[in-house]
Amino acid sequence: MRGVQYWLLKSEPDVFGYADLERVGVEPWNGVRNYQARNFLRAMEVGDLALFYHSNATPAGVAGVARVVRAAYPDDLQFDSGSAYFDARSSALEPRWSMVDVAPVQAFPRVLSLAEVRALPAWAESPLVQRGTRLSVLPVTALQFRAALEAVGVSSGAW
DNA sequence: GCCAACGTTGGC
DNA sequence: GCCAACGTTGGC
């Protein structure tokens with residue numbers, strides 16, 4: 001048995017923010033169209049925890065914690081010709097894109113801004129804070145995860 | 001709104 | 001298979 005893995009998921013709050021996740025309960029994380037990000041989605045397992053990051057926001061930063069409640073399966077939007085995420089190269093037999101289902105775990109009492117994340121020593125090596133990286137799904141170390149929670153005074157004891 | 005960085009596309 | 005053009009991301 002391996003332990004829980006940690007991730008960071010980016011979303012634009014104008015489109016779908018942490019409050020929306022709390023409202024809907026479970027959300028398919030569809031629309032990822034980058035191979036590296038897709039591969040991280042496929043590496044996720046039920047029970048993994050993810051920092052929910054608000055991009056293109058003021059401030060940009062971590063808004064809460066989510067949990068993976070279903071492992072990777074084919075992204076439905078790749079088959080939907082009416083969707084911006086439609087991919088004609090995908091077929092039911094050979095789907096190109098994957099999604100996982102996530103559920104809310106804990107809203108942060110305030111957004112942990114990117115500037116604050118940058119200032120945390122544990123995060124120095126993360127792609128999140130490196131210039132020019134645009135990955136929307138990325139792995140987080142246990143140390144980074146803990147540092148983020150600590151910075152906003154959240155305890156994982158209840159979950 | 002600007003623009004740097006980067007991934008993808010497509011002509012050759 | 002190269003690489004210029006283009007589109008997108010995302011902080012500021």
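Chain letters run A, B, ... following the sequence lines, proteins first, then strands; residues in each count from 1.
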Return each pair, listed once, that meets ring-ring contact (aromatic ring centres under 6.0 Å, His included) where at least one residue sits in residues 100-133 of chain A; pairs must be two or more places apart or across chains. none
Verify the distance criterion only: is there a donor paired with an acceptor across the side chains of R42(A) and S98(A) at less than 3.5 Å? yes
Does anyone know the first and last nucleotide of DNA chain B in reach of chain A, 5' to 3', at under 4.0 angstrom to a heavy atom? dA4(B) to dT9(B)
Anything under 3.5 Å between a donor and an acceptor, one on a side chain of residues 61-75 of chain A, the other on a protein residue two or more places apart or in another chain? List them.
{"from": "Y73(A)", "atom 1": "OH", "to": "D101(A)", "atom 2": "OD1", "distance (Å)": "2.5"}
{"from": "Y73(A)", "atom 1": "OH", "to": "D101(A)", "atom 2": "OD2", "distance (Å)": "3.3"}
{"from": "D75(A)", "atom 1": "OD1", "to": "L77(A)", "atom 2": "N", "distance (Å)": "2.8"}
{"from": "D75(A)", "atom 1": "OD2", "to": "G31(A)", "atom 2": "N", "distance (Å)": "2.7"}
{"from": "D75(A)", "atom 1": "OD2", "to": "R33(A)", "atom 2": "NH1", "distance (Å)": "2.8"}
{"from": "D75(A)", "atom 1": "OD2", "to": "R33(A)", "atom 2": "NH2", "distance (Å)": "3.3"}

By nearest-heavy-atom nucleotide on DNA chain B, the more 5' of Q36(A) and N56(A) is N56(A)
Under 3.5 Å, is there a donor-acceptor pair between the E116(A) and S113(A) side chains? yes
With sugar-phosphate meaning primed atoms plus P, OP1 and OP2, does R89(A) contact a base, only sugar-phosphate, or nothing at under 4.0 Å between heavy atoms? sugar-phosphate
With a 4.0 Å heavy-atom cut-off, tell me which residues in residues 120-137 of chain A come close to DNA chain C, sorted by residue number. R134(A), L135(A)
Identify each donor-acceptor pair in which a side-chain atom of residues 145-159 of chain A lies under 3.5 Å from a protein atom, sequence neighbours left out, and give them as a table.
{"from": "S155(A)", "atom 1": "OG", "to": "G157(A)", "atom 2": "N", "distance (Å)": "3.0"}
{"from": "W159(A)", "atom 1": "NE1", "to": "Q106(A)", "atom 2": "OE1", "distance (Å)": "3.3"}

Ignoring hydrogens, what is the shortest heavy-atom contact between L21(A) and E27(A)? Give both atom names and the distance. CD1-CB, 3.7 Å
Anything under 3.5 Å between a donor and an acceptor, one on a side chain of residues 49-60 of chain A, the other on a protein residue two or more places apart or in another chain? List them.
{"from": "H54(A)", "atom 1": "NE2", "to": "Y18(A)", "atom 2": "N", "distance (Å)": "3.0"}
{"from": "N56(A)", "atom 1": "ND2", "to": "E12(A)", "atom 2": "OE2", "distance (Å)": "3.0"}

E125(A) atom CD, over 12 foreign heavy atoms within 6.0 Å: no
